[in-house]
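Encoded as structure tokens, the structure appears first; notes follow it.
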Number of protein chains: 2
Amino acid sequence: MAAMPNQHHVTDPDLSTVWLRVFLEVARHGSFTVAARTLGWTQSAVSRQISSLEGALGGAPLFDRLPRGVRLTEAGRILAPYAESVTEALHGAGRELAALREAAGGRLRFGAFATADAALVPQALAAFRARHPRVRVSREEGLTPVLLDRLTAGHLDLAVVSTTGGAPLEPYELHHLLDESLYVAVPADHPLAAQGPVRLARLADADWISGSPRPEGTLLDAALRQDFRPRVAHVVGEWTAKQGYVAAGLGVTLVPALAAASVRPDIALLPVLDEGAPARAVYAATARGRSLTPAGEAFLATLREAAGQLRGA
Amino acid sequence: MAAMPNQHHVTDPDLSTVWLRVFLEVARHGSFTVAARTLGWTQSAVSRQISSLEGALGGAPLFDRLPRGVRLTEAGRILAPYAESVTEALHGAGRELAALREAAGGRLRFGAFATADAALVPQALAAFRARHPRVRVSREEGLTPVLLDRLTAGHLDLAVVSTTGGAPLEPYELHHLLDESLYVAVPADHPLAAQGPVRLARLADADWISGSPRPEGTLLDAALRQDFRPRVAHVVGEWTAKQGYVAAGLGVTLVPALAAASVRPDIALLPVLDEGAPARAVYAATARGRSLTPAGEAFLATLREAAGQLRGA
DNA sequence: CCCATCGATGCGACAAGCGAATGTCTAGCA
DNA sequence: TGCTAGACATTCGCTTGTCGCATCGATGGG
């Protein structure tokens, strides 16, 4: 096989530092010529490489040139273990970076708002862990603005957020996951329970149960678009408690589609007919300008899949 | 001061691997521009250096480019500790090599024949340890041919040997230390004791005490050159025992100058008048072709000094 | 005593990588 | 809203490090 000329412009596949490889190869074989063959170089290149290394080290020879090959000097014997440990570290770095690249390592820190944790996130997370078991995942729960702050601060790689009102597009990259329709939760024996889909306006006079006394920025925001201001009869934050209030006939409440599956049987869910924009959109947000880890990319893809399945259902 | 153009041909003073320094400097300052200033480069060089490093690492960005500087990505955060440990190892190697170069470290393995240990070697060794306290010294005692074998095998860096007959010049480098004159040891009450220097021929009929039954290759070799074959009456190897035999009047023996100082008072030493070549020469031998460590060089110099002092005395 | 082997070196060529200048993008400000 | 400053990216020309090839000198073995 003819020697391939001038292939030294090929970038090192890993981090290797040329003289390290050369030095260790020569030390291993005790011969410039053999080392050159191993490296796919000529003997002269190895000779000069070692020579310049010795020069850079203050002129101390690393090898004794014997008539049959070479032999480590004391200086070379000192350098050798360091060279070994350096190559070991470099290979370690290479391995770890490769693992990161294939999302087979590293970490993923994400956050999600509460109702996303009802179905979307667990589903995506299960699939993700199955596919990338070696990624260390940490999860936070929080409200959209809190999560976005955490994202900006660099404490999160990705956040599953919802637009409740104006979308804060500014320093974030929003990846649309799904548009969420709303349900009205009423007691099973409520007059509307059997009627199917309803317009929100039909409930303008109902007692509402909400997480906040003011409808702005909550799901009830949708009511404002229907030109009525809902009367909040009870302020109840916790979802399970809310259901209790509804079941007891104390009022009605809005339920996002993501939480629809986890509703107790004595409550009826009526789809909301809303000719305007859908109640809210769910996005995966990432910090603009900050590169997403491969694990993050993979999780984002998994979120999209999960969202697609939920949309289909 | 005008920037000095194109000084990148200056060989690295230490082992640094360019991209390592650049990467760490950028990581430390969070800015290509500042890192460039620190390195004495231009910003473009840093940019390209990082870029090609990222390319070599599989295309994963190491930094996020923000409008105000840069920031480590996850990949960069993985690489950083490895880079630190690599530079640490390289600096460690540099330090240790520097120590070796200044004979402030490393090891020195030497051997010497027995009588050299009477004065020459201890004197040199004391001075050497005072000057180079951090060199680990190991010492062997043995006969010249044994020491030379150990030298060839690479178990010794240096051997203090004497020429008893033909000098085996072949694979050794011999550094002449001193020429040793001989003394005849006789009982203090011996007829010759008061006469001062004697010719060896005067003792042709004496009873000799020697370490070997045959004079060849021992100090008695000198007698052969005086054309008489000494009668070996007693074979005694140990030096103290030999003195006992002489003091008891059982015979006479030859004493090398190096051992002259450690003779018991009831024995008289008579300088040997020898018109031929001196009885034997003492050399420091090193393996030819094998480079001597700085510690070895220093010890060799110290041996020369000690030899000079002994010659003067 | 000649020859095989191994490292060192001169030569020509190629590209890696520098500096300098310029382009592009963003943030802050009036 | 347009302007300016700061920061990284890119292009161009040129120096220089380093390769392969060919050859030399030294050293042992047959």
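Residue numbering restarts at 1 for every chain, and letters A, B, ... go by the order of the sequence lines.
- Protein atom CD of B/Glu25 is 14 Å distant from nucleotide atom P of D/dC8, rounded to whole Å.
- Distance, B/His29 NE2 to D/dC8 P: 12 Å, rounded to whole Å.
- Legend: residues meeting salt bridge (charged side-chain N to carboxylate O under 4.0 Å, His left out) with A/Arg304, ordered by chain and number and at least two apart, are absent.
- Partners of A/Thr286 under the side chain to side chain donor-acceptor pair (under 3.5 Å) rule, at least two apart in sequence or in another chain, are A/His175.
- Looking at A/Arg48 and A/Ser44, their side chains do bring a donor and an acceptor atom within 3.5 Å of each other.
- In this structure, the CZ atom of A/Arg288 is 14 Å from the P atom of C/dC25, given to the nearest Å.
- Between the axis at the start and the axis at the end of the helix from C/dC1-D/dG30 to C/dA30-D/dT1 there is an angle of 20°, using five pairs per end and rounding to 10 degrees.
- Scanning for salt bridge (charged side-chain N to carboxylate O under 4.0 Å, His left out) contacts around A/Glu140 gives A/Arg150, with sequence neighbours left out.
- Screening residues 95-106 of chain A for side-chain hydrogen bond (donor to acceptor under 3.5 Å, both in side chains), with sequence neighbours left out, gives A/Glu96-B/Tyr82.
- One interatomic measurement links the two molecules: CG of A/Leu53 to C1' of D/dG17, which rounds to 15 Å at whole-angstrom precision.
- The salt bridge (charged side-chain N to carboxylate O under 4.0 Å, His left out) check on B/Arg109 picks up B/Asp157, with sequence neighbours excluded.
- Considering only residues two or more places apart in sequence or on other chains, B/Glu305 meets the salt bridge (charged side-chain N to carboxylate O under 4.0 Å, His left out) condition with B/Arg131.
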Please report, to 0.1 Å, the donor-acceptor pairs under 3.5 Å made by any side chain of residues 291-301 of chain B, with sequence neighbours excluded.
from, atom 1, to, atom 2, distance (Å)
B/Ser291, OG, A/Asp64, OD1, 3.1
B/Thr293, OG1, B/Gly296, N, 2.9

Where protein sits on nucleotides 3-9 of chain C, one letter per nucleotide: B base, S sugar-phosphate only, - none, heavy atoms under 4.0 Å | --BSBBB
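- Whole-Å rounding puts the B/Gln49 CD to D/dA9 P distance at 13 Å.
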